[in-house]
Amino acid sequence: MKFRTFAWFVGPSVLMMLLFIAFPLVSVFLQSFQVTQPVVETVEVETCTPGFVGQTCVTETKTTPVLDANGNPVTTTEWVGLLSYTRLLQFDQVGAAIASGAFSSILAIDFWKALRFTLTFTLVTLPLVIGLGLAIALAVNNAARSVRGQIIFVSLLPFIITPVIGALSIRWLFYGDGIVTALLEDMLATDISVAANGWAIEFLMMFYRVWHVAPFAFVIFYAGLQTVNQDTLESAIIDGASRFERLRFVVVPHLMPLIIFVALIHLMDAYRAFEEVVGFSSQAHRITLQWLTYDLLTPDDAGNRAISRASASAMLTMIGIVILLIPLLRRTWRDHKGSAR
Amino acid sequence: MATAKAMQQPFSLRFASASFLTLWCLIAAFPIVWIAVMSFKSPVDAFSANPLNVVFGPATRADGNGLSLLDIAVGLAVLVGAGRIAFTQLPRWVARFTPKGLIVVGWLVGAGAFAAAFLLVFFGLLPPVLAVLNSIAGPLGTPIIGLTAEHYYAVWVENQFWRNFQNSLIVTAGVVTVSLTVGTLAGYGLARSGSNLAFWILIVALVFRALPHSVLVAGYLPVFINSAEILRPILGENAPTLYGQPLAVIAVLVAINQPFTIWMLRSFFQNIPNELDEAARVDGCTHFQAFRWVIMPVMWPGVITTGLFSFLLAYNDLLVTSLLLDAQNQTMVPAIAGYFNRETTTTDQVEAVAAAVSITAPLFLLVMVFQRQIVSGLTAGAVKG
């Protein structure tokens with residue numbers, strides 16, 4: 001294919017990605033070093049109120065925003081270097097916390113709290129998703145052919161459902177006097193308040209994520225199981241391998257590329273978890289990195305959006321993603337060089 | 001067959017595996033089924049701590065909203081009948097009445113007409129007929145399960161959820177059309193070119209796929225809010241403010257979706273033998289003609305599968321739509337996020353449940369119709385590397 005034809009085919013897509021992905025990235029990078037503020041001036045205002053003998057006059061200095069000809073506030077943008085980052089990371093407080101040995105007070109700072117939760121969330125759900133996905137795939141592979149279609153249909157539901165709604169549907173089972181909570185209260189004869197307990201919410205968020213992603217892992221592993229070499233399995237049996245050994249030494253190695261694929265996709269997606277915080281209304285207890293950026297971007301009570309701090313938080317989130325992706329990119333690069341040779 | 005016997009599993013293992021599957025299916029379906037049940041009950045029943053009350057809804061029944069055995073039997077019969085017609089007769093009618101080449105339009109019209117007819121029969125015709133039947137059926141006609149659609153009425157009509165539905169429709173339709181058009185071209189180009197440039201485009205796309213969407217939105221927001229001033233020198237007085245415009249959101253979602261789309265379509269195109277376009281080229285087609293008249297006709301399954309995933313992304317998105325759309329243009333998912341934040345009374349909560357079920361219902365239908373394509377789409381990317 002000639003380069004011109006190739007360019008015509010790929011052009012529109014590349015243009016869109018440049019305009020709506022690459023360009024915003026650059027602008028976020030720049031914004032994170034800038035602060036845009038309304039210009040304010042201090043004015044002396046003399047207010048007089050009629051009094052008994054004469055007027056009582058009070059002179060005050062007030063700060064008021066400068067307005068332009070159209071009555072809009074004038075804003076300036078200055079370069080502030082790493083100010084937004086330091087505001088987000090609050091190293092002085094972290095240092096003080098470490099010096100005084102009160103490590104838990106580090107987690108009172110939004111960014112560190114979000115980082116702690118996001119990492120725990122990602123790393124705890126990863127083995128659960130892969131394990132559960134593999135277990136379902138093996139069990140479905142065992143099941144009678146006639147019911148497989150229905151099982152796949154039911155399994156796809158948690159995967160396909162809108163993430164917020166999925167989180168909500170689990171929340172309604174537990175929050176307040178949800179039926180599962182009521183059942184637990186009956187069994188344990190205690191009062192349980194899920195919505196007020198940070199760890200309970202954290203557990204529910206992880207449960208939701210595993211429930212939501214395991215079907216994806218299952219479908220992929222199930223497809224992989226169909227191509228397991230039957231001859232190898234038979235020779236393993238002749239060699240006297242037990243059922244577990246066959247699984248361990250024949251099936252799992254065969255599925256390894258797929259397991260890595262699922263793990264990578266899950267790492268990427270769990271790292272940018274966001275809907276869980278909205279669905280479980282957990283912002284008082286647990287927040288994620290992407291939710292932190294979102295929160296900074298939503299207008300506060302005065303209608304201001306903390307764009308520069310949001311950009312800084314976005315850049316920090318991205319650094320995490322890049323670290324996660326480096327092994328994958330190195331492998332792809334090796335494959336590409338290997339195939340070129 | 002010694003090996004076959006050796007492969008046979010002991011009863012205990014088969015039993016364990018079957019019970020595990022049953023348990024999984026229960027866990028997978030239960031939350032979704034449960035919110036569907038809750039949405040039809042009066043608030044007292046829906047949030048009752050006793051599951052039996054939630055299912056049978058005594059308070060709802062006491063309000064005079066209930067289904068008798070007869071209602072349930074007739075309703076189920078109509079549902080099953082409609083399902084059978086949809087899967088056996090409808091494809092035949094569509095095939096017979098649509099001219100060749102317009103099969104997609106034919107399906108859209110057919111499905112729309114069928115849905116309208118079903119709604120008319122189920123909600124327009126059945127209730128009055130059953131009311132008469134119930135009054136003469138005696139014990140069979142007395143209500144046993146409480147059920148009310150008042151929350152759906154409140155959500156869709158009083159709270160004007162149909163506006164959000166309309167916006168969702170606009171955004172998803174736009175995203176699917178544009179991203180498929182742009183993506184098929186790019187996917188074909190990338191699959192047929194072995195150049196280093198193609199490789200690098202794919203790698204960069206992979207990195208883009210991993211980006212948190214909030215990073216991108218942080219880049220759009222200031223530009224979109226001030227776009228009128230930025231674009232004024234170019235477009236003059238008519239420069240639009242992009243913030244709040246569905247069109248801008250469509251463009252953003254298409255771009256976010258593009259990396260995934262081109263990877264998936266590329267893997268589908270690679271399955272189509274290169275000899276096919278070479279034959280067309282020998283016959284004197286240009287690359288574009290070969291693409292349009294030879295490759296596209298065999299590409300439909302791949303395009304439909306990718307379209308499904310584009311649809312899911314646009315339909316399920318919360319972050320982009322909630323930050324870039326204002327209140328009038330809000331789609332369904334951010335609208336419901338607003339719902340449960342203001343939940344104060346239990347009635348509000350059940351309305352939120354009803355809205356949630358309304359959002360889920362189309363997805364449910366989607367899995368029913370396109371299960372095979374979804375599975376093939378999930379595996380297409382993974383199994384072939």
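This structure is a prediction, so every number in the text was calculated from the model and none was measured. Per chain, numbering begins at 1; letters A, B, ... match sequence-line order.
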Colleague: Just checking, any donor-acceptor pair under 3.5 angstrom between side chains of Ser155(A) and Trp24(B)?
Modeller: yes

Colleague: Checking heavy atoms, do the side chain of Ile35(B), its backbone, both or neither come under 4.5 Å from chain A?
Modeller: side chain

Colleague: For the residue pair Ile136(A) and Phe20(B), establish whether any side-chain heavy-atom pair is separated by less than 4.5 Å.
Modeller: yes

Colleague: So Phe6(A) and Leu190(B), side-chain contact (heavy atoms from CB on, under 4.5 Å) or not? Walk me through it.
Modeller: CA-CA 8 Å; Phe6(A) 177 68; Leu190(B) 291 170; 4.0 Å; yes

Colleague: What distance separates Asn257(B) CG from Met17(A) CE, expressed to the nearest 0.5 Å?
Modeller: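 The distance works out to 11.0 Å.
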
Colleague: Using side-chain heavy atoms (C-beta onward) and a distance below 4.5 Å, is Ile152(A) in contact with Val375(B)?
Modeller: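 Result yes, sub-4.5 Å side-chain heavy-atom pair found.
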
Colleague: Name the region of Ala314(A), side chain, backbone, both or neither, that has any atom closer than 4.5 Å to a heavy atom of chain B.
Modeller: both

Colleague: Between Leu156(A) and chain B, with a heavy-atom cut-off of 4.5 Å, which part of the residue counts as in contact: side chain, backbone, both or neither?
Modeller: side chain

Colleague: Please step through side-chain contact (heavy atoms from CB on, under 4.5 Å) for the pair Thr293(A) and Val215(B), ending with a clear verdict.
Modeller: CA-CA 8 Å; Thr293(A) 314; Val215(B) 176; over 6 Å; no

Colleague: Under a 4.5 Å heavy-atom cutoff, which of Gln258(B), Arg281(B), Met38(B) has the most pairs with chain A?
Modeller: Gln258(B)

Colleague: Checking side chain to side chain contact (heavy atoms under 4.5 Å, CB included) against Leu21(B), which of Val147(A), Leu138(A), Ile151(A) comes through?
Modeller: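 Filter result, single survivor: Ile151(A).
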
Colleague: Quick check against the 3.5 Å criterion: does Arg272(A) have a side-chain atom that pairs as donor or acceptor with the backbone of Leu211(B)?
Modeller: yes

Colleague: With a 4.5 Å cut-off on heavy-atom pairs, point out which of Thr261(B), Leu13(B), Ile32(B) contacts chain A the most.
Modeller: Ile32(B)

Colleague: Side chain from CB out, backbone as N, CA, C, O: work out which of these in Val14(A) comes under 4.5 Å of a heavy atom of chain B, or both, or neither.
Modeller: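 When you check distances to chain B, only side chain atoms of Val14(A) fall under 4.5 Å.
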
Colleague: Which atoms of Val140(A) come close to chain B, meaning under 4.5 Å heavy atom to heavy atom: side chain ones, backbone ones, both, or neither?
Modeller: both

Colleague: Below 4.5 Å from any heavy atom of chain A, which atoms of Val204(B) appear? Answer side chain, backbone, both or neither.
Modeller: neither

Colleague: Relative to chain A, which segment of Val207(B) carries a heavy atom at a distance below 4.5 Å: side chain, backbone, both, or neither?
Modeller: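 Both backbone and side chain of Val207(B) come within 4.5 Å of chain A.
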
Colleague: Heavy-atom pairs under 4.5 Å with chain A are the metric here; pick the option from Ala255(B), Ala186(B), Ser214(B), Ser17(B) that has the most.
Modeller: Ser214(B)

Colleague: What part of Asp186(A) gets within 4.5 angstrom of chain B, counting heavy atoms only: side chain, backbone, both, or neither?
Modeller: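 The answer is neither part of Asp186(A).
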
Colleague: Are Trp211(A) and Pro31(B) packed together at the side-chain level, in the sense that at least one heavy-atom pair is separated by less than 4.5 angstrom?
Modeller: yes

Colleague: Are the side chains of Trp8(A) and Phe288(B) in touch, meaning some heavy atoms are under 4.5 Å apart?
Modeller: yes

Colleague: Between Phe364(B) and Phe153(A), what is the ring plane arrangement, given parallel below 30°, perpendicular above 60°, and tilted in between?
Modeller: perpendicular

Colleague: Name the region of Ser169(A), side chain, backbone, both or neither, that has any atom closer than 4.5 Å to a heavy atom of chain B.
Modeller: both

Colleague: In sequence, state the C-alpha distance, the side-chain angles, and the governing distance for Leu319(B) and Glu275(A), and then conclude on side-chain contact (heavy atoms from CB on, under 4.5 Å).
Modeller: CA-CA 8 Å; Leu319(B) 194 121; Glu275(A) 272 94 351; 5.7 Å; no

Colleague: For chain B, find which of Ile165(A), Val10(A), Val154(A) contributes the most heavy-atom pairs closer than 4.5 angstrom.
Modeller: Ile165(A)

Colleague: Which residue, Leu308(B), Leu363(B), Thr360(B), Asn316(B), forms the side chain to side chain contact (heavy atoms under 4.5 Å, CB included) with Ile160(A)?
Modeller: Leu363(B)

Colleague: Give the member of Ile262(B), Ile27(B), Val252(B) that has the highest number of heavy-atom pairs under 4.5 Å with chain A.
Modeller: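 Answer, by heavy-atom pair count under 4.5 Å with chain A: Ile27(B).
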
Colleague: Can you tell me if CZ on Arg372(B) sees more than 12 non-hydrogen neighbours from other groups inside 6.0 Å?
Modeller: no

Colleague: Using a 4.5 angstrom heavy-atom cutoff, name the option from Ala7(A), Ala135(A), Gly166(A) with the most pairs to chain B.
Modeller: Ala135(A)

Colleague: Heavy-atom distance under 4.5 Å to chain A: side chain of Ala16(B), backbone, both or neither?
Modeller: neither

Colleague: Measuring heavy-atom distances to chain B, does Phe159(A) have an atom under 4.5 Å in its side chain, in its backbone, in both, or in neither?
Modeller: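 Only the side chain of Phe159(A) comes within 4.5 Å of chain B.
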
Colleague: What part of Pro257(A) gets closer than 4.5 Å to chain B, counting heavy atoms only: side chain, backbone, both or neither?
Modeller: neither

Colleague: Tell me, out of Ile256(B), Thr184(B), Thr286(B), Leu312(B), who's got the most heavy-atom pairs with chain A below 4.5 Å.
Modeller: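 Most heavy-atom pairs within the cutoff with chain A belong to Leu312(B).
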
Colleague: When only pairs under 4.5 Å are counted, which of Val353(B), Leu197(B), Ile201(B), Ile359(B) shares the most heavy-atom pairs with chain A?
Modeller: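 Highest number of heavy-atom pairs under 4.5 Å: Val353(B).
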
Colleague: Are Phe30(B) and Leu173(A) close enough that some pair of their side-chain heavy atoms sits under 4.5 Å apart?
Modeller: yes

Colleague: Heavy-atom distance under 4.5 Å to chain A: side chain of Ser322(B), backbone, both or neither?
Modeller: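 Contact with chain A: side chain only.
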
Colleague: Is Phe218(A) close to chain B through its backbone or its side chain, or both, or neither, when contacts mean heavy atoms under 4.5 Å?
Modeller: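 Phe218(A) has no heavy atom closer than 4.5 Å to chain B.
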
Colleague: Flag the pair Met332(B) / Thr162(A) as yes when at least one side-chain heavy-atom distance between them is below 4.5 Å, and no otherwise.
Modeller: no

Colleague: Check whether Ala210(B) gets within reach of chain A through its side chain, its backbone, both or neither, counting any heavy atom under 4.5 Å.
Modeller: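 Interface part for Ala210(B): both.
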
